[in-house]
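Take a look at the structure set out below.
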Amino acid sequence: MLNYAWRDYGVRVGIWRLMEVMQKYGVKGTVALNSDATQHYPRIIEAGTQLGWEWMGHGKTNSMLLPQHSPEEERQHIFSVVETITRSTGKAPRGWLGPALSESLHTLDYLAEAGIQYVADWVNDEQPYPMRVKTGQMLSVPYALELNDFGAFLVHGQSAEGFARTIIDQFDTLYEDGAKTGRVMAIALHPFLIGHPHRSKYFAQALAHITSRKEVWMTTGGEIADWYNKTVLNR
């Protein structure tokens, strides 16, 4: 009961506070969405869509990791997730983050076959890059393990103020790097963690710092993919 209620805070309270903070600073979310969540929390889907958030595939639940399936089961799983999110949100997901960032040797090919255009599982760069797939195309768009509230609070025991300081320090360094070449900075958040008042307060301070600087593009994963494909890959 305790673990369920702890997580349930995220959908009852945390997500709504997070939406308010992000809307205040003009930040749109790119949501790693379990397809099962669309069936249980339609009000959240409706509110996020109204805010212009992007819905990114994230498996059915975080309890089902892709390498646990046979190749055909994994393919069916991916197609089912894409179909459910498309039906529930009115738009097919363009991006994908594997549950626990899990992939098999077949995942990228199945994702491309299902119409997914970019993945966030590969946390090995600060810029997008193309990936080889059997059919179609695939792009890696940077995600964040270092700027992830789950690891910060539950693994490293970081304070909310310390997490905000980490976000600001990361931004300041990448902002300087941006004078030479663009960088992608993702902030990975879970409403049941960051949505608590004592944490959202400092997250808001971090967003205030970021949005106070010029030449910063507050955007979504799909828009980053569009820019990279058009500007760098000429496609």
Side-chain angles (χ1 to χ4, degrees), residues 1-66 77-78 80-102 116 120-121 143-145 147-160 163-164 167 186-207 218 220-222:
M1 179 277 295
L2 176 59
N3 194 54
Y4 172 82
W6 179 40
R7 297 294 185 123
D8 196 42
Y9 179 91
V11 294
R12 293 172 65 89
V13 182
I15 184 64
W16 308 106
R17 181 172 288 120
L18 182 58
M19 285 179 172
E20 290 177 357
V21 170
M22 293 174 64
Q23 186 178 21
K24 179 179 179 180
Y25 294 100
V27 179
K28 295 179 182 179
T30 302
V31 182
L33 180 65
N34 295 136
S35 62
D36 278 5
T38 66
Q39 312 303 307
H40 297 291
Y41 309 109
R43 287 183 57 218
I44 294 176
I45 302 300
E46 180 181 358
T49 299
Q50 290 176 351
L51 290 171
W53 285 17
E54 178 182 343
W55 305 107
M56 178 170 62
H58 192 43
K60 290 186 177 182
T61 75
N62 275 25
S63 299
M64 301 174 66
L65 305 186
L66 299 183
H77 178 104
I78 289 172
S80 175
V81 169
V82 169
E83 192 277 330
T84 299
I85 292 177
T86 302
R87 184 178 65 253
S88 301
T89 67
K91 184 179 294 185
R94 302 180 55 196
W96 180 276
L97 180 73
L101 281 71
S102 62
I116 297 296
D121 296 329
Y143 180 67
L145 287 182
L147 296 186
N148 190 311
D149 63 352
F150 191 95
F153 299 140
L154 302 184
V155 178
H156 302 297
Q158 197 170 25
S159 69
F163 184 54
I167 294 173
I187 306 172
L189 305 172
H190 300 77
F192 81 101
L193 294 173
I194 201 68
H196 284 277
H198 70 285
R199 293 180 179 138
S200 64
K201 168 187 174 180
Y202 288 103
F203 176 59
Q205 291 179 9
L207 289 188
M218 311 296 293
T220 64

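Excluded from the calculations below are hydrogen atoms, water molecules and symmetry mates; all remaining heavy atoms, backbone and side chain alike, are included.
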Could you tell me which non-hydrogen atom of [X] sits nearest to which non-hydrogen atom of [Y], and how far apart they are?
{"X": "I85", "Y": "L33", "value": "CD1-O, 3.7 Å"}
{"X": "M64", "Y": "K60", "value": "SD-CB, 4.1 Å"}
{"X": "F153", "Y": "Q158", "value": "CD2-O, 3.2 Å"}
{"X": "A206", "Y": "A164", "value": "CB-O, 4.2 Å"}
{"X": "A186", "Y": "A144", "value": "O-CB, 3.1 Å"}

For residues 84-97, pull every pair meeting salt bridge (Lys or Arg N to Asp or Glu O under 4.0 Å), keeping only residues two or more places apart or in separate chains.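 For residues 84-97, and leaving out neighbouring residues, the salt bridge (Lys or Arg N to Asp or Glu O under 4.0 Å) pairs sorted by first residue read E83-R87, R94-D226.
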Which pairs pass salt bridge (Lys or Arg N to Asp or Glu O under 4.0 Å) with one or both residues in residues 14-42, sequence neighbours excluded?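 Salt bridge (Lys or Arg N to Asp or Glu O under 4.0 Å) check on residues 14-42 returns no pairs.
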inquiry  = Tell me whether T84 contacts the main-chain N or O of V81 through its side chain, where contact means a donor paired with an acceptor under 3.5 Å.
reply    =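 Looks like no, no N/O pair under 3.5 Å.
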- Query: Would you say the side-chain atoms of S102 pair up with the backbone N or O of P99, donor to acceptor, closer than 3.5 Å?
  - Reply: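 Side chain of S102 to backbone of P99, a donor-acceptor pair under 3.5 Å: yes, one is there.
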Report the distance from atom [atom1] of [X] to atom [atom2] of [Y], rounding to the nearest 0.5 Å.
{"X": "S35", "Y": "I78", "atom1": "OG", "atom2": "CD1", "result": "11.5 Å"}
{"X": "L101", "Y": "L65", "atom1": "CG", "atom2": "CG", "result": "10.5 Å"}
{"X": "Q205", "Y": "I167", "atom1": "CD", "atom2": "CD1", "result": "11.0 Å"}

*Tell me, please, which residues at least two apart from H77 pass side chain to side chain donor-acceptor pair (under 3.5 Å).*
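Testing H77 for side chain to side chain donor-acceptor pair (under 3.5 Å), a comparison that skips the adjacent residues, returns none.
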Notebook entry, point to check: Taking R199 as the fixed residue, which of L193, L189, L18 is the one that meets the side-chain contact (heavy atoms from CB on, under 4.5 Å) rule?
Noted result: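 It is L193, the one option of L193, L189, L18 that forms the side-chain contact (heavy atoms from CB on, under 4.5 Å) with R199.
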- side chain to side chain contact (heavy atoms under 4.5 Å, CB included) assessment of F203 paired with D149: CA-CA 10 Å; F203 176 59; D149 63 352; over 6 Å; no
For this session: Any pair with a residue in residues 8-27 that passes ring pair (Phe, Tyr, Trp, His ring centres under 6.0 Å), sequence neighbours left out, goes on the list, sorted by first then second residue, please.
Result: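 Residue pairs passing ring pair (Phe, Tyr, Trp, His ring centres under 6.0 Å), neighbours aside: Y9-H196.
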Is there a side-chain contact between V82 and P93, using heavy atoms and a 4.5 Å cut-off?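 With C-beta onward as the side chain, the pair touches.
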Which donor-acceptor pairs under 3.5 Å do the side chains of residues 43-59 make with protein atoms, sequence neighbours left out?
{"from": "T49", "atom 1": "OG1", "to": "I45", "atom 2": "O", "distance (Å)": "2.8"}
{"from": "T49", "atom 1": "OG1", "to": "W55", "atom 2": "NE1", "distance (Å)": "3.1"}
{"from": "E54", "atom 1": "OE1", "to": "T220", "atom 2": "OG1", "distance (Å)": "3.2"}
{"from": "E54", "atom 1": "OE1", "to": "G222", "atom 2": "N", "distance (Å)": "2.8"}
{"from": "E54", "atom 1": "OE2", "to": "Y118", "atom 2": "OH", "distance (Å)": "2.7"}
{"from": "E54", "atom 1": "OE2", "to": "G222", "atom 2": "N", "distance (Å)": "3.4"}
{"from": "H58", "atom 1": "ND1", "to": "L97", "atom 2": "O", "distance (Å)": "2.5"}
{"from": "H58", "atom 1": "NE2", "to": "N62", "atom 2": "OD1", "distance (Å)": "3.1"}

Intermediate values then yes/no, side chain to side chain contact (heavy atoms under 4.5 Å, CB included), Y143 and D121:
CA-CA 7 Å; Y143 180 67; D121 296 329; over 6 Å; no
Aromatic contact between Y202 and F163, with the criterion being ring centroids under 6.0 Å apart: yes or no?
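Here the rings of F163 and Y202 have centres that are no less than 6.0 Å from each other.
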Check your understanding: With sequence neighbours excluded, what pairs up with W6 under the ring pair (Phe, Tyr, Trp, His ring centres under 6.0 Å) test?
Key ->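 Per chain and number, W6 pairs via ring pair (Phe, Tyr, Trp, His ring centres under 6.0 Å) with F192.
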